[in-house]
**Student:** 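I have a structure here, written as C-alpha cells, and I will follow up with some questions on it.
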Amino acid sequence: MGLVSQDAVDQLRALMDQVEEPLQRTFQNVHQGYINETVVRFLKAREWNVSKAHKMLVDSLKWRTQNEIDNILSKPIVPPDLYRGVRDSQLIGLSGYSREGHPVFAIGVGLSTFDKASVHYYVQSHIQINEYRDRVILPSASKKHGRPITTCVKVLDMTGLKLSALNQIKLLTIISSIDDQNYPEKTNTYYIVNVPYIFSACWKVVKPLLQERTRRKVQVLPGCGRDELLKIMDYASLPHFCKREGSGSSRHSESGSENCYSLDHPFHQQLYKYIQQQSRINEAVEPVKQGSFHVDFPEPPSEEAEIAKTIESELHKFENGNGVSDSLNGLKIDHD
C-alpha cells in the first residue's frame, strides 16, 4: 500500500474512532476485527476520497441501525415452505473456495424467477446471505488461513436468460444498490459463464457505463467456464453448472448435495440452522413474527439507474424483434 493510500486509511480510521453508539456497535459487526481491510473497501468505492468514504461508511452504519441489520440473522423466513420457495426462485449458493481461500458464490442469474414471494422476502434473503458471509464464512476462512480473507469470488450463470428478465430489473437494481452502498468491494472477480446472445447484446452497451475498477473485475468466460475456473479452484469447488462438458445448467438437475442453489445443499442447511438457532436465542426477548423483515430500499445511484435503463431499453429491442438478427450475425463475445 502506497504512502498516500496508508495516509487515507489512517485518516478514515481516526474519523471512525470518533463514531459513537449505536453506530460503533454495528461497525464491529461490519469489520469483524479487520478494520483496515474494511476502511480500504470504502475508500476504494469512493476513489480514495477520505471525506466521501467517511460519509458512505457512516450512512451505511445508519442504514444498518435504522433497519436492524445486526438482528437479521435471527429473523427466519417462515413458514419453511415459503423459504424453500425463495431458495428455488432466487438461485445463489456457496460452491466451495478458491485456492487462495476466497469463498466461491454461484448465482443463477438466468434461471432465477423471483416469483414465489414478495420483493421484501428476496431482499431479506439476500441481506441474510451477505451477513452470514461477512460474519461467519469470511471470519472462519480468515482463521483457517491465518490471514484476513474479507472478499469472495462470484460465478454468474446466464443459462436461461430471457426477455422476461425485464420483470426483474427493478428488484435486481434494489439488491445491487444495497450491495454497492453497504457492502462495497466484497467481490474480487465476477466470472460470467453460459452466455446466450441476449447477454452479449446487453453487455456491449452496459460495459462502457461501468466504472473502470468494476470493468476490471468482470471476466466473460467461454462455455461453462470450467477450464478457466480450474486455474483458481479445485474441481470440487466448481459450481455444479461448470462441471459438465457442455454448457448449460439446470435448477434441479443435480442432487441437493451437489446443487449449491438447493435448500438441501450443506451451505443452505448450515445457514438455515444458524438462523433458526439465533432465532431461538432471541425468542425469549421477542417472539418470531410471521411476515418479511422490511428494509428501506435505497435510491439507486445515477450510474446504476442509467445501467438499468440501458438494459431495459436493450431488452425491449429484442422484445420488439429489433436487434435479434444483428446480435446473431457475426456474434462475438469479448472473453476478457
Side-chain angles (χ1 to χ4, degrees), residues 1-2 5 8 12 30 37-50 52-53 55-57 59-60 63 92 98 100 102-110 112 126-127 129-130 133-134 138 149-158 161 165 168-195 198-222 225 228-229 232 297-315 333-336:
M1 191 182 289
S5 303
L12 185 49
V30 172
E37 288 76 12
T38 301
V39 298
V40 164
R41 289 193 296 105
F42 282 84
L43 283 164
K44 281 182 180 177
R46 289 298 176 262
E47 307 297 338
W48 294 91
N49 181 307
V50 175
K52 287 182 179 178
K55 182 182 185 308
M56 181 189 189
L57 183 43
D59 284 348
S60 175
W63 171 82
I92 181 170
S98 73
E100 293 185 350
H102 297 285
V104 178
F105 282 90
I107 302 172
V109 177
S112 290
H126 179 80
I127 295 173
I129 290 174
N130 278 357
R133 173 197 66 197
D134 294 350
L138 290 170
I149 293 176
T150 57
T151 56
C152 67
V153 169
K154 289 182 179 174
V155 184
L156 278 55
D157 180 20
M158 294 294 164
L161 190 66
Q168 300 159 17
I169 285 176
K170 185 178 178 184
L171 172 58
L172 293 174
T173 303
I174 290 168
I175 286 174
S176 177
S177 299
I178 286 171
D179 281 358
D180 287 352
Q181 294 175 42
N182 302 288
Y183 304 92
E185 301 294 321
K186 292 299 291 188
T187 305
N188 282 346
T189 311
Y190 297 89
Y191 295 101
I192 303 179
V193 303
N194 295 325
V195 175
I198 193 170
F199 171 82
S200 173
C202 290
W203 179 237
K204 194 182 294 183
V205 293
V206 166
K207 190 176 179 181
L209 303 177
L210 298 175
Q211 292 182 9
E212 177 58 31
R213 73 170 194 281
T214 305
R215 277 203 302 269
R216 283 199 301 266
K217 291 181 181 182
V218 178
Q219 293 191 34
V220 182
L221 304 181
E228 290 298 314
L229 292 173
I232 64 156
F297 300 154
E299 280 296 313
S302 55
E303 179 197 354
E304 283 189 22
E306 186 182 357
I307 288 169
K309 195 174 174 183
T310 302
I311 292 172
E312 205 166 350
S313 168
E314 201 62 27
L315 289 173
I333 300 170
D334 260 346
H335 298 298
D336 49 15

**Student:** Within the supplied structure, the quantity of interest is the number of heavy atoms (other residues, nucleotides, ligands) at a distance under 6.0 Å from Glu100 CD; does it exceed 12?
**Tutor:**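 Open.
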**Student:** Would the distance check show the side chain of Ser112 and the main-chain N or O of Gly108 forming a donor-acceptor pair, the cut-off being under 3.5 Å?
**Tutor:**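 Yes, the answer is positive, given that a donor and an acceptor are paired below the 3.5 Å cut-off.
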**Student:** Looking at OG1 of Thr150 and CG of Asn188, how far apart are the two atoms once the value is rounded to the nearest 0.5 Å?
**Tutor:**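 Spacing of OG1 (Thr150) from CG (Asn188) equals 8.0 Å.
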**Student:** Can you tell me how far CD of Gln181 sits from CZ of Phe42, rounded to the nearest 0.5 angstrom?
**Tutor:**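 Answer rounded to 0.5 Å: 10.5 Å.
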**Student:** Would you check if the side chain of Arg215 reaches a backbone N or O of Leu210 as a donor-acceptor pair within less than 3.5 Å?
**Tutor:**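 Indeed, once roles are kept as given, a pair shorter than 3.5 Å links the two residues.
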**Student:** Find the distance between CG (Leu156) and CD1 (Ile92) and round it off to the nearest 0.5 Å.
**Tutor:**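 One gets 9.0 Å once the value is rounded to the nearest 0.5 Å.
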**Student:** Nearest 0.5 Å, please: how far is CG in Leu138 from CD in Glu37?
**Tutor:**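 Spacing of CD (Glu37) from CG (Leu138) equals 11.5 Å.
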**Student:** Give a yes or no answer on whether the side chain of Lys154 reaches the backbone of Val104 with a donor-acceptor pair at less than 3.5 Å.
**Tutor:**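 Side chain of Lys154 to backbone of Val104, a donor-acceptor pair under 3.5 Å: no, none is there.
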**Student:** Quick one: do Glu212 and Arg216 make a salt bridge, cutoff under 4.0 Å?
**Tutor:**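 Looking at Arg216 together with Glu212, the answer is yes, because their closest N to O distance falls below 4.0 Å.
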**Student:** For Lys52, is there an ion pair with Glu47 - N to carboxylate O distance below 4.0 angstrom?
**Tutor:**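 Salt bridge flag = no for Lys52 with Glu47.
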**Student:** Using 0.5 Å steps for rounding, measure from the CD1 atom of Ile127 to the CG atom of Asp134.
**Tutor:**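 Taking CD1 in Ile127 and CG in Asp134, the distance rounds to 11.5 Å.
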**Student:** Report the distance from atom CG of Leu12 to atom CZ of Arg46, rounding to the nearest 0.5 Å.
**Tutor:**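 CZ of Arg46 is found 12.5 Å from CG of Leu12.
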